[in-house]
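Have a look at the structure below, then the notes.
Just so you know, these numbers come straight off a predicted model, no measurement behind them.
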Amino acid sequence: MGNHGDVTSRLPSDLPAELRRIVGDRHVLEDAEVLSGFTHDWTGRVVGDTAAVVRPGSAEEVAAVLAACAQHGHAVVPQGGNTGLVAGSVAFDGAITLSTARLTAVHEVDTLSATVRAEAGAPLAAVQAAAHASGSTFGVDLAARGTATVGGMVATNAGGLHVIRHGPMREQLMGVRAARSNGDLIGALRPLAKDNTGYHWPSILCGSEGTLAVVTDVLLRLVPSAEDVAVALFAFATAHEAITAAALVRRAFADVNAIELVTDAGVALVCASLDVPPPFATPAPYLLLVEGAGTPGVVERLADVAASLEGVLDSAVAVDPEPRAALWRYREAHTESIARLGPVHKLDVTLPLSGLASFIEDVRAVVTDLRPDAAVWLFGHAGDGNVHVNVTGVAPDDEDVDRVVLELVAQRDGSISAEHGIGRAKLAYLRLNRTAAEIDAMRAVKRALDPAGILNPGVLLPAG
Ligand SMILES: Cc1cc2nc3c(=O)[nH]c(=O)nc-3n(C[C@H](O)[C@H](O)[C@H](O)COP(=O)(O)OP(=O)(O)OC[C@H]3O[C@@H](n4cnc5c(N)ncnc54)[C@H](O)[C@@H]3O)c2cc1C
């Protein structure tokens with residue numbers, strides 16, 4: 001799919017000069033080698049094709065860039081950290097990549113309203129650091145925190161490790177400002193807990209995957225920092241026991257901050273990849289990582305809950321930051337360790353908790369019946385019913401693998417995208433979860449906000 005030939009000649013003749021006038025010469029990139037840094041997606045499954053990368057330095061410049069591109073009918077793909085996992089962040093067919101790399105300001109925390117304002121390109125880690133410095137915490141965390149941007153996280157409604165406690169990005173987004181393709185800036189960044197003045201832009205733009213408008217600034221809610229944190233790892237023989245335990249922890253442990261599931265194969269891969277020892281002398285088929293955070297006494301309350309779990313083969317607990325991080329590594333290093341095996345089919349799905357254990361058992365067979373050489377890696381946010389089905393050892397364009405997994409999910413009343421979005425990777429499967437009438441309504445929203453139809457074409461919405 002890659003094609004970085006004579007890219008500049010593919011832009012309408014006066015558009016490059018107009019873009020340079022708006023953002024400055026240095027911020028319109030057209031060199032083929034430089035562009036290739038923006039066209040490879042994180043999974044290694046797709047390579048796009050962009051005519052230019054434009055890096056605006058303010059919300060007004062974003063709006064002006066969009067208006068110029070709309071006048072020429074030239075497609076634009078917003079790109080933040082490019083850590084998205086559904087091929088939504090790379091441009092195709094010579095579309096312009098609008099990079100938020102220069103929009104990285106994180107403003108002072110407003111401690112009275114417990115909010116922080118940031119520009120769209122600010123990395124999650126910078127927002128977390130600002131929150132931490134003010135004695136509070138940002139409620140969303142994920143392993144790509146150093147690179148993923150808050151704008152990209154709004155666009156994908158990112159979930160992550162603490163959804164069970166604080167909800168996904170949508171629940172943290174108090175205000176948003178965004179540029180439409182007609183050059184208008186919409187939204188507000190006022191710290192108002194209540195504001196029923198009509199359509200709610202944070203709700204509409206969260207999860208819109210860059211198809212409606214380009215997020216330029218966000219106002220994010222913060223939560224109080226925990227005084228005490230503890231992490232435990234529990235080993236189980238069956239998925240059913242692990243998921244039953246997850247449900248009990250969720251019910252009985254008010255401090256619960258995360259419940260993550262990993263398997264023996266994934267942990268062995270992480271250990272080999274990081275050269276670290278395994279958590280337990282005897283490998284167990286399923287491991288549940290539980291994090292609690294709250295007022296002093298978390299570890300005691302966690303021990304009480306642990307005593308009531310059935311089927312625990314082994315356990316480990318950590319209270320201090322370093323041993324906690326060591327336990328987390330068994331979970332967090334999955335994505336990167338699997339990526340080292342080659343292109344990965346990443347299928348991020350949610351099942352009703354009642355069907356999660358049987359899905360975990362059946363999905364392996366469904367994939368290996370189809371492709372006996374495939375390796376299936378299962379891990380995820382078990383407390384939310386969210387499992388990441390990663391498949392390696394099959395061709396990057398082997399769509400049959402994706403199809404059989406997603407059809408199984410839909411048959412069992414699950415969601416074909418728990419938190420990564422639809423992008424291009426799942427476009428063909430949106431109909432498994434959404435009716436024709438719903439897709440029609442989504443297209444109507446798209447037409448209303450982006451009448452020129454230039455924002456991220458080919459992402460999220462199948463061609464009409
Ligand atoms: C190691 C690893 C772990 C991960 N863990 C999780 C996890 O636990 N939970 C989770 O939900 N995701 C996870 N992800 C996926 C990814 O980090 C998220 O989807 C994240 O929200 C993407 O942010 P980004 O800035 O990289 O966006 P990009 O990848 O650049 O873009 C993602 C989408 O958002 C659009 N977009 C980007 N910026 C803007 C903007 N300013 N305005 C409008 N649209 C925009 C793009 O066009 C694209 O459609 C993980 C990824 C990796 C590599």
Side-chain heavy atoms of [X] within contact of [Y], under 4.5 Å:
X: Asp348; Y: Glu419; answer: yes
X: Ile96; Y: Val54; answer: yes
X: Leu124; Y: Thr149; answer: no

Is there a donor-acceptor pair under 3.5 Å between the side chain of [X] and the backbone N or O of [Y]?
X: Glu119; Y: Asp217; answer: no
X: Asn433; Y: Gly414; answer: yes
X: Arg165; Y: Asp255; answer: yes
X: Thr100; Y: Leu103; answer: no

Fill in: Distance, nearest 0.5 Å, that separates CD1 of Ile439 from CG of Leu430
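So the gap between those two atoms works out to 4.0 Å.
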Item to complete: Determine, step by step, whether Val127 and Leu220 satisfy the side chain to side chain contact (heavy atoms under 4.5 Å, CB included) criterion, reporting the C-alpha distance in whole Å, the side-chain angles of both residues, the deciding distance to 0.1 Å, and the verdict.
Response: CA-CA 9 Å; Val127 168; Leu220 301 169; 4.0 Å; yes
Going by distance alone, is a donor N or O of one side chain under 3.5 Å from an acceptor N or O of the other, for [X] and [Y]?
X: Trp328; Y: Glu260; value: no
X: Thr97; Y: Thr50; value: yes
X: Ser113; Y: Thr115; value: yes
X: Thr350; Y: Asn386; value: no

Item to complete: Under the side chain to side chain contact (heavy atoms under 4.5 Å, CB included) rule, what do Val298 and Val229 come out as? Steps first, then yes or no, please.
Response: CA-CA 6 Å; Val298 170; Val229 180; over 6 Å; no
Practice prompt. Check the pair Arg221, Glu171 against side chain to side chain contact (heavy atoms under 4.5 Å, CB included), reporting the backbone distance first and the verdict last.
Written response: CA-CA 8 Å; Arg221 282 193 181 85; Glu171 286 177 41; 5.7 Å; no
Item to complete: Would you check if the distance from the ring center of His388 to the ring center of His334 is below 6.0 Å?
Response: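 His388 vs His334: aromatic centres not under 6.0 Å.
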Practice prompt. Let me see the working for Thr244 and Glu241 under side chain to side chain donor-acceptor pair (under 3.5 Å), right down to the final yes or no.
Written response: CA-CA 5 Å; Thr244 305; Glu241 285 167 325; over 6 Å; no
N/O donor to acceptor pairs below 3.5 angstrom from side-chain atoms of residues 201-211, sequence neighbours left out:
from   : atom 1 : to     : atom 2 : distance (Å)
Ser203 : OG     : His200 : ND1    : 2.5
Ser208 : OG     : Leu205 : O      : 2.7
Glu209 : OE1    : Ile422 : N      : 3.4
Glu209 : OE1    : Gly423 : N      : 2.7
Glu209 : OE2    : Ile422 : N      : 2.7
Thr211 : OG1    : Ser208 : O      : 2.6

Worksheet item: Closest heavy-atom contact between Leu185 and Ala59?
Response: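 What the structure gives for the nearest pair is CD2-O, 3.9 Å.
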Worksheet entry | Verdict with supporting geometry, Thr137 and Ser225, side chain to side chain donor-acceptor pair (under 3.5 Å) | CA-CA 5 Å; Thr137 295; Ser225 287; 2.9 Å; yes
